[in-house]
Amino acid sequence: MEGNSTTEHPSLKNWDKTTLEMEEQRTETEHCPLVNGGEQNTTRLENRESDSAETVEVLEEVEEPVVNSNVEEENLAPDGGFGWFIVLGSLLVHLFIGGIERSAGIIYLKFEDKFEKSAAATAWATSLPAGLRLTLGPVCSILCNRYSARSVVITGGVLLCISLVITSVSPTLSFTYASFGVLGGFGRLLAYAPAVVIVGEYFNKRRGLAVGIATSGVGFGSFLFPTIIETIFNFYGFFGAFLILGAVMLNISACGCLFRPLWLHLKMKIHDERRKSKKEADVGAESSALWEDVEGMQNDKKLKEEQVTNPHVDAQPQTRLSKIRRMFSCGPSNKDSKPKTKLLELSLMKDLRFTSFCAAILLYTISSQAAFVFIPAYAKSKGVSELHASYIVSIIGLFDGTSRIVSGFLLDMASVKQYRIYIYNAVLFLLGFVSLAVPSLDTFAELSVLCAVYGLLVGAYISQKSVVIVDILGVKKLVNSFGLLICFQGIGMFLGPPIAGFMKDVNGHYDIGFYFGGASMFLGAFILAAANVIHYIRLKKQ
């Protein structure tokens with residue numbers, strides 16, 4: 001009898017807590033005289049339990065939770081979709097700014113004809129905006145952190161338009177320093193830096209390709225704008241040409257309208273997901289809260305399972321959508337939904353690899369301004385005609401633009417991405433070799449081939465600098481770190497031409513400039529390589 005009783009009625013020790021609770025509810029329901037039958041209520045409880053289990057299973061298929069760990073923080077960028085409109089806007093911004101800067105030689109000649117001043121004094125009018133665009137990079141970072149990339153770029157386009165319109169009626173060269181140089185340089189600054197940074201924020205897996213496509217506008221702009229600007233000056237004169245250029249540069253503001261802030265894009269994504277879930281729900285009033293309730297049940301269930309197997313697991317499992325949702329649910333109001341960031345982080349300079357990268361960019365910019373800016377003059381000194389010398393500049397621009405796209409695609413490959421910073425370091429060494437090889441060439445064909453190689457290398461080096469910053473510091477530091485980086489680049493932009501001019505005056509020819517440029521590039525490459533080696537050794541020790 002005891003054996004049969006044990007078989008028919010299992011021991012309470014083998015029952016779990018949930019089973020005991022269900023048994024107690026069933027017993028109370030069966031003995032309650034106010035309920036219409038114990039069997040009906042038992043069936044109702046079982047149906048509720050089965051419905052909840054089915055709902056959890058359906059939502060588990062829709063969105064699998066990801067348990068927190070100490071890995072690098074996930075970039076919640078769309079990595080496509082609207083991000084390609086960001087790339088389009090950035091490409092056009094680079095096309096306009098790169099086109100007018102690469103046409104500085106033509107604009108320099110127009111200033112020289114109008115004001116009839118010395119070459120050194122006139123050259124400052126065209127070098128000021130390019131230098132300020134880079135040197136004031138931290139100021140642009142502060143503005144982007146305080147407002148948004150969209151508002152900053154729109155403001156930059158308006159300022160650049162105003163500067164060109166005022167320059168059209170400039171009475172003196174000193175006035176041109178302020179209108180074309182200072183005001184125009186500040187406008188270019190506000191348009192350029194955010195156009196690079198926002199592409200890096202919107203992409204993760206294909207960041208290199210996206211940045212390469214966006215920055216390729218500089219190469220294509222340098223290929224198209226010089227001829228167009230020369231034609232405009234020939235047809236409409238000084239006043240009319242600058243008015244037309246001002247209207248053209250106002251299109252930068254239209255491009256800036258595409259730069260929807262990433263935090264706003266994610267907030268809109270949450271709204272769309274909630275609206276979609278409400279439409280798909282079968283129960284009207286309860287459908288709006290169903291997702292959050294069952295997601296909490298699902299997360300609790302998964303958390304208990306993870307904590308049993310691994311007691312060190314974080315106590316707050318997250319889904320990709322819940323990460324985005326929590327970013328905007330902790331503020332005092334919906335108006336204050338933009339994530340708080342520091343306006344400027346000078347502490348980034350404590351990172352050895354980033355500081356070495358800034359030094360390498362500084363030395364490269366000095367060397368390129370001291371060497372490759374004088375490629376047309378060097379070609380003319382070797383007997384190449386002015387027309388063929390201009391072809392060499394177009395060759396550099398064409399291969400530069402093509403390389404930005406191709407290098408971005410190659411460096412985004414899974415087998416290559418982990419070695420991206422080392423490949424980038426190798427490119428700087430190769431640029432040093434190219435600079436040292438220039439003085440040994442005499443013919444147009446030889447210079448064309450070498451300049452094509454230079455265009456391929458410099459396109460990869462310049463376009464991927466924001467991608468390398470993310471590899472070093474992470475995407476969250478991109479805005480502040482990029483501003484600091486281009487500040488060093490601007491310093492090199494100011495130092496390069498005076499050094500080159502001094503060497504030309506002392507030596508009498510351009511060979512020494514290319515030797516100096518090659519040596520500077522090698523020095524920058526060695527500094528960056530040393531930082532990479534130290535970083536690699538530290539990782540091995542850890």
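Note that the structure is a prediction, hence the values are computed from the model and not measured.
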Nearest heavy-atom contact between Leu528 and Ala360 is CB-CB, 4.3 Å
Kindly determine whether Tyr364 and Ile462 satisfy side-chain contact (heavy atoms from CB on, under 4.5 Å), including the steps that lead there. CA-CA 10 Å; Tyr364 163 76; Ile462 296 299; 3.7 Å; yes
Measuring from Arg133:CZ to Leu189:CG, what's the distance to the nearest 0.5 Å? 9.0 Å
Measure the CD-OG1 distance between Glu112 and Thr122 for me, rounded to the nearest 0.5 Å. 5.5 Å
Between Ser151 and Ser148, does any side-chain donor sit less than 3.5 Å from a side-chain acceptor? yes
Could you walk me through whether Val197 and Cys144 satisfy the side-chain contact (heavy atoms from CB on, under 4.5 Å) test, starting with their C-alpha distance in whole Å, then the side-chain angles of each, then the deciding distance to 0.1 Å, before giving a yes or no? CA-CA 10 Å; Val197 170; Cys144 288; over 6 Å; no
Kindly indicate, with the supporting measurements, whether the criterion side-chain contact (heavy atoms from CB on, under 4.5 Å) is fulfilled by Tyr419 and Leu411. CA-CA 8 Å; Tyr419 306 109; Leu411 293 178; over 6 Å; no
Rounded to the nearest 0.5 Å, the CD1 atom of Ile198 sits from the CD1 atom of Ile86 at a distance of 4.0 Å
Compare every heavy atom of Val93 with every heavy atom of Cys255, then report the nearest pair and how far apart it is. CB-CG2, 3.7 Å
Just checking Trp124 against Phe111, ring centres under 6.0 Å apart? no
Once rounded to the nearest 0.5 Å, what's the spacing between atom CZ of Phe180 and atom CG of Leu160? 8.5 Å
Quick check, are the ring centers of Phe225 and Phe220 under 6.0 angstrom apart? no
Do side-chain atoms of Gln489 reach the backbone of Leu362 as a donor and acceptor pair under 3.5 angstrom? no
Does the pair Ser435 and Ser367 meet the rule for a side-chain contact (heavy atoms from CB on, under 4.5 Å), with working shown? CA-CA 9 Å; Ser435 181; Ser367 60; over 6 Å; no
Ser170 and Thr176: side-chain donor and acceptor closer than 3.5 Å? yes
Verify the ring-centre separation between His94 and Tyr192: is it less than 6.0 angstrom? yes
Using every non-hydrogen atom in the two residues, find where Arg353 and Ala531 come nearest and quote the distance to one decimal. CG-O, 3.8 Å
In terms of heavy-atom contacts, does CE of Met413 have more than 12 from other residues, nucleotides or ligands at under 6.0 Å? no
Ring centre gap for Phe357 and Phe488 strictly below 6.0 Å: no
Mind checking whether Tyr202 and Phe259 have side chains closer than 4.5 Å, heavy atoms only? no
Mark yes or no for whether Ser403, through its side chain, and Asp400, through its backbone, hold a donor-acceptor pair below 3.5 Å. no
Quick one: does Leu164's side chain get under 4.5 Å of Ile100's, heavy atoms only? yes
As a quick check of understanding, evaluate ring-ring contact (aromatic ring centres under 6.0 Å, His included) for Tyr422 and Tyr536, giving each step before the final call. CA-CA 11 Å; Tyr422 305 111; Tyr536 180 79; 7.3 Å; no
Pair Asp412-Arg206, salt bridge (Lys or Arg N to Asp or Glu O under 4.0 Å): steps then yes or no: CA-CA 6 Å; Asp412 268 348; Arg206 291 175 287 185; over 6 Å; no
Strictly under 6.0 Å, is that where the ring centroids of Phe429 and Phe433 end up? no
Contact summary for Arg188 and Ala130, nearest pair of heavy atoms: NH1-N, 4.3 Å
How far apart are the closest heavy atoms of Ser463 and Val211, and which atoms are they? O-CG1, 3.0 Å
Carefully, step by step, assess Lys110 and Glu230 under the rule salt bridge (Lys or Arg N to Asp or Glu O under 4.0 Å). CA-CA 10 Å; Lys110 305 307 176 183; Glu230 180 66 35; 3.6 Å; yes
Measure the shortest side-chain to side-chain distance between Val153 and Leu190 over non-hydrogen atoms and say whether it is less than 4.5 angstrom. no
Expected output: side-chain Asp511 to main-chain Pro439 donor-acceptor under 3.5 Å: no
Counting N and O atoms only, with roles assigned by atom type, does the side chain of Asp351 sit under 3.5 Å from a partner on the main chain of Phe354, one being a donor and the other an acceptor? yes
Could you pull out the closest heavy-atom pair between Gly492 and Thr365, with the gap in Å? C-CG2, 3.6 Å
Quick one, Lys465 and Val196 - any side-chain contact, counting heavy atoms below 4.5 Å? no
Quick one: are Ile166 and Phe175 in side-chain contact, heavy atoms under 4.5 Å? yes
Heavy-atom check, side chain of Tyr424 versus side chain of Val467, under 4.5 Å: no
Are the side chains of Phe186 and Leu132 in touch, meaning some heavy atoms are under 4.5 Å apart? no
Determine whether a donor-acceptor pair (N or O, by modelled atom type, separation under 3.5 Å) exists between the side chain of Ser216 and the backbone of Gly401. no
Just by distance, do the side chain of Thr402 and the backbone of Phe399 share a donor-acceptor pair under 3.5 Å? no
First locate atom OG of Ser168, then atom CZ of Phe239, and finally report the distance between them rounded to the nearest 0.5 Å. 5.0 Å
State, with a plain yes or no, whether a side-chain heavy atom of Val416 is found less than 4.5 Å away from one of Arg420. no
Rounded at 0.5 Å granularity, tell me how far OG in Ser141 sits from CG in Asn480. 5.5 Å
